[in-house]
Amino acid sequence: MVTLLYFASLRETLGCSREQVALPPGSPTVSMLIDRLRDRDPKWSDAFGPGKRFRVAVNQDMADLSTPLKPGDEIAFFPPVTGG
Amino acid sequence: MTLPLGRGTSRQPITIRVQTEDFDAGRELEALTGGRRDVGAVASFIGLVRDLNDGREIRTMMLEHYPGMTEKALTGICREAHARWNILETLVIHRVGALAPGDRIVLVGVSGGHRGEAFQACEFIMDYLKTRAPFWKKESTPQGEKWVDARDSDDAAAGRWKG
């Protein structure tokens, strides 16, 4: 299992701030996890669909679609940042 | 979050605070240099909430962050500044929660021996904070609430420090 976190507009769009999910089998990556989430629910399919801008962090470090995942990871999805 | 400076001194080279409360910039900058005799320059930046954003009247600005990662990202940005420039100490205080026009949002302070490196490091920290530290702003206007979009100009500003 891994923990997924959603922040800001993405959290509001999905109506979810935190969930636990099983990793895809094999050698899972962020991209494979997103494919599985999109297959699961139309809201996720839309939020992570073509042209949508989002960022991903794995264990609190910025990551990308090819970043490998392992059980216990904390994976966060959020829109481009706007602090300062 | 503070990190040890090492070599037998108790001073911390990097200070990071994410907080809801306001800060006293004068006092914070004084603490940055207090007790040191090797500081020749302090560069600082203060960001505030504007009353207008792209023509919209701002009533309140809600700032959200990712507890844990935000502090980690800010520490990493300051570490990179220390690696790039010969500076002494860095300070970042960033507020979260509900803010109003005129409120302070962020303070960056950099102390060093000379002004050139302190100025550059301060600008670098701010440019990287804008594009890499997980904070998000949601503005409340008479027309309703809206998440603030990231600006391409911020990516361009951060991009000039590459290479």
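By convention in this document, chain letters (A, B, ...) are assigned in the order of the sequence lines, proteins followed by strands, and residues within each chain are numbered from 1. Computation of the quantities below employed the complete heavy-atom set of this structure, encompassing side-chain atoms and omitting hydrogens, waters and symmetry-equivalent molecules.
The candidate with the highest count of non-hydrogen atom pairs below 4.5 Å against chain B, out of A/R55, A/M62, A/R53, A/E12, is A/E12.
A/A57 and B/M69 get closest at one heavy-atom pair: CB-SD, 3.5 Å. Nearest heavy-atom pair across A/Q60 and B/G68 is OE1-C, 3.2 Å.
The number of heavy-atom neighbours closer than 6.0 Å to CZ of B/F119, taken from other residues, nucleotides and ligands shown, is 12 or below. Atom CZ of A/R18 is surrounded by 12 or fewer heavy atoms from other residues, nucleotides or ligands within 6.0 Å. In the displayed structure, B/R27 atom CZ is contacted under 6.0 Å by at most 12 heavy atoms of other residues, nucleotides or ligands.
Here the side chain of B/K130 pairs a donor or acceptor atom with the backbone of A/G83 at under 3.5 angstrom.
Aromatic ring orientation, B/Y66 versus A/F78: perpendicular (interplanar angle above 60°, classes split at 30° and 60°).
Hydrophobic cluster membership is shared by B/W161 and B/M126, with clusters built from Ile, Leu, Val, Met, Phe, Trp and Tyr side chains linked at under 4.5 angstrom. The same ILVMFWY cluster, assembled from side-chain heavy atoms under 4.5 Å apart, contains both B/I14 and B/L74. B/V39 and B/L29 fall within the same hydrophobic cluster, defined by Ile, Leu, Val, Met, Phe, Trp and Tyr side-chain heavy atoms under 4.5 Å apart, directly or through other members. Residues A/V2 and A/L37 share a single hydrophobic cluster, defined by chaining ILVMFWY side chains whose heavy atoms lie under 4.5 Å apart. Follow the hydrophobic side-chain contacts under 4.5 Å out from A/L4 and you never reach A/M32; the two are in separate clusters.
In this structure the side chain of B/F135 never reaches within 4.5 angstrom of the side chain of A/V81, judged on heavy atoms. Counting only heavy atoms from C-beta outward, the side chains of B/W136 and A/P79 approach each other to under 4.5 Å. Between B/E64 and A/R11 the shortest side-chain heavy-atom distance falls below 4.5 Å.
At a 4.5 Å heavy-atom cutoff, the contact between B/D155 and chain A is made by side-chain atoms alone. If you measure heavy-atom distances from B/R95 to chain A, you find no contacts under 4.5 Å at all. At a 4.5 Å heavy-atom cutoff, the contact between A/N59 and chain B is made by backbone atoms alone. The contact between B/K138 and chain A is made entirely by side chain atoms (from C-beta outward), counting heavy-atom distances below 4.5 Å.
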